[in-house]
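See structure below.
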Amino acid sequence: MRKKWWHDGIVYQIYPKSFYDTNGDGYGDIQGIINRLDYIKDLGVNIIWISPVYQSPMVDHGYDISDYYEIDPMFGTMKDMDQLIEEADKRGIKILMDLVINHTSDQHEWFLRAMEDLEGPYADYYIIKEGNGGNPPNNWRSIFGGSAWEKIEGTNKYYLHLFTKEQPDLNWENEKLREELYKMVNYWLDKGIGGFRVDAITHIKKHPSFEGRPADREDGLVNAWDMYANVPGIEVFLNELKERTFLPHDAMTVGEAMSLDVNCLSNYIKEDGFFSTVFDFSYNEGIEDEASYEKQQYSVKEIKEAMFTYQLEAQKYGFVSEFIENHDQPRALNKFIPKENRNFYSGSMLGTMYFYLRGIPFLYQGQEIGMMNYEKKSIDEYVDVSTFEIYEKALLDGLSQVEALNLVNRRSREHARTPMQWDASEYSGFSGGKPWFPVNPDYTMINVASQLQEEQSLLSYYKKLTRLRNSTEYKNLFIYGEFKPAYTEMENIIGYERVDKDMRVLILNNYDSHGTRIELKDGIQKILLNNYDILTMDGNILELQPYQSVVCKLKRSR
Ligand code: GLC
Ligand code: CA
């Protein structure tokens, strides 16, 4: 395998709007990121992914881009961006931008021109079809709810939008459009960024039949995944994109390859695959059982099965990106841990559980201090389209308003978007003015400033996680070593080994509020990390405390 600069990456994701505001307008900005680069560096991180900062009407918080070549004034200027790249570079940190090329904003010049002249060249940059006897061309549902088609006023034509109606889908079949996109991607890479996180990329190819499917709800619509996710032929576009842009720049690319079957991983992440790596969504998505709404959390067994299946398959070809939080997910402590057990131990156990898997670990802002969901008293306190979709669907499925609100309080992606909790001062030190979105009131307890002081804080623990991963002695093993499941017979233990020709390291996580005993099969040579002060051993019996995690070097037997 050819070594790549990003193989030793530890990535920190920033949601700029909520990270740090330097001018008191209530919105985080690029200067805010620059201001906190030393903090990020100190975490042991060497790559930053920033959610979109391009010019945008912000209907989907920047995922609706109206100009790929401009920075939105909310975040600053192109000068700020250049400064960020330079300042990050000084610290050995690479920047990944968010690449949103499945759709643009409806305010993008291309779309405005398309609407002005439905026969003109720009109309073919988008997906525009004749209606079907006064109805949309088919019954596809948008991922954010409602029909995926919007009627073009004064005509019988509709344009496709898999996300909000302000996010029209681009027509990748049009070669000119593809050329425009490649030019733009190269513009950014030429600036010296490290690469991209590539948004919603499995949707760029639509099935040429544009067929409807039997309705899956009373609204008559359907989530027709086979028509617009990983549709055969997508490989032509993905290869072209890679060859024209990423490859010549030796860029790092992380595909948001939702609903990618584990058996299709190889094309995406092999050495000459479409991307450097893709996210492992296997144990992060689909937790709430949409049919019954009864199941609120995955069992440890389910997490382990999903995670290990992905790991075992991925290591045959390349690297996946492992994460437990991002800007589309509720907070990890809420998602994975029952209410009464959300504390330092369960938080650090979650970190240890995924940090030494084979792949690139991603951390999301605030995860390192254990930020939690901000549960609201009323649906009106939420602002995001996708939250409303979850809520409306739940009501249609027969949940009461209270139940639907509870659901949103568990599942909404907005929990990840509350302002970063820097300290215990007003507005959590995020901004001098009123933030765009309310701060979680728990900020007086959970914040960076207090955890920086404490040895026994989650923040300090995350630094230990990165320090071990980055250490000269173990780095190579954690990057390239084989992943091997361990102690799988123990239901609430997530255990695995990382092995290479020189070393074996065992990672044991007791994903349980009760202690447990493990009969070790191998002798321990050295404890590398432990989220408790104690470790109880009785001969070869290891006693683990509730949510205890240990990382240990094994004696090289066998
Ligand atoms: C991706 C983004 C999400 C956004 C959507 C549409 O899933 O992560 O935040 O709403 O794409 O661009
Ligand atoms: Ca600001």
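Just follow the structure's listing: the first ligand is 1, and inside any ligand the first atom is 1. The basis for the numbers below is simple: all heavy atoms, side chains too, and nothing from hydrogens, waters or symmetry mates.
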task: Kindly state whether the ring of Trp188 and the ring of Tyr54 have centres lying under 6.0 angstrom apart.
output: yes
query: Regarding Arg417 and Ser18, is there a side-chain donor-to-acceptor distance under 3.5 Å anywhere?
result: no
- line: To the Ca ion (ligand 2), the closest N, O or S atom belonging to Asp21 is OD1
task: Number the atoms of ligand 1 from 1 as they appear, then name those within less than 4.0 Å of a heavy atom of Arg413, with their elements.
output: 3 (C), 4 (C), 9 (O), 10 (O)
- prompt: Closest non-hydrogen protein atom to atom 11 (O) of ligand 1, residue and atom name please, with distance?
  reply: Asp199 OD1, 2.9 Å
Test side-chain contact (heavy atoms from CB on, under 4.5 Å) applied to Asn284 and Lys335, step by step: CA-CA 9 Å; Asn284 279 290; Lys335 188 166 64 171; 2.7 Å; yes
query: For ligand 1, does Phe279 get within less than 4.0 Å through its side chain, its backbone, both, or neither, judged by non-hydrogen atoms?
result: neither
query: Do any of the N/O/S atoms of Thr22, backbone or side chain, fall under 3.0 Å from the Ca ion (ligand 2)?
result: no
- request: Would you please indicate if the ring centroids of Phe19 and Phe430 are separated by under 6.0 Å?
  value: no
query: Hey, is there an N, O or S on Gln31 sitting under 3.0 Å from the Ca ion (ligand 2)?
result: no
- request: Check whether any side-chain heavy atom of Met372 lies under 4.5 Å from a side-chain heavy atom of Asp442, and answer yes or no.
  value: yes
task: State the atoms of ligand 1, each with its element, that fall below the 4.0 Å cut-off from a heavy-atom position in Asp60.
output: 4 (C), 5 (C), 6 (C), 10 (O), 12 (O)
task: Taking the six-membered ring for Trp and the single ring otherwise, decide whether the centroids of Tyr228 and His207 are under 6.0 Å apart.
output: no
message: His203 and side-chain contact (heavy atoms from CB on, under 4.5 Å): which single residue from Asn102, Ile234, Asn230 fits?
response: Asn102
message: Using a 4.0 Å heavy-atom cut-off, which part of Gln329 comes near ligand 1: side chain, backbone, both, or neither?
response: neither
The Ca ion (ligand 2) - name of the N/O/S atom of Asp25 that sits closest to it: OD1
- prompt: Any idea which atoms of ligand 1 are less than 4.0 Å away from a heavy-atom of Arg197?
  reply: 2 (C), 8 (O)
Structural part of Glu256 in contact with ligand 1, heavy atom criterion under 4.0 angstrom: side chain
message: If the cut-off is 4.0 Å to any non-hydrogen atom of His103, which atoms of ligand 1 fall inside it?
response: 6 (C), 12 (O)
task: Among the N/O/S atoms of Asp29, select the one at the shortest distance from the Ca ion (ligand 2) and name it.
output: OD2
- request: Name the orientation class of the two ring planes belonging to Phe275 and Phe246 (parallel below 30°, tilted from 30 to 60°, perpendicular beyond 60°).
  value: tilted
- request: For His327, take its heavy atoms, then give the atoms of ligand 1 lying under 4.0 Å from any of them.
  value: 2 (C), 3 (C), 8 (O), 9 (O)
- prompt: Within 45 degrees of the axis of the six-membered ring of Tyr182 and under 6.0 Å from its centre: does Arg244 put its NZ or CZ there?
  reply: no
message: Can you tell me how the ring of Phe319 sits relative to the ring of His7, calling it parallel under 30°, perpendicular over 60° and tilted otherwise?
response: tilted
- prompt: Is it the side chain (CB and beyond), the backbone, both or neither of His61 that lies under 4.0 Å from ligand 1, heavy atoms counted?
  reply: neither
- prompt: Among all protein non-hydrogen atoms, which one is nearest to atom 9 (O) of ligand 1, and what is the separation to 0.1 Å?
  reply: Asp328 OD1, 2.7 Å
- prompt: For ligand 1, which part of His203 has a heavy atom less than 4.0 Å away: the side chain, the backbone, both, or neither?
  reply: neither
- line: A student checking ligand 1 against Arg417 at a 4.0 Å heavy-atom cut-off should list atoms 9 (O)
message: Taking the ring of His108 and the ring of Tyr68, is the distance between their centroids below 6.0 Å?
response: yes
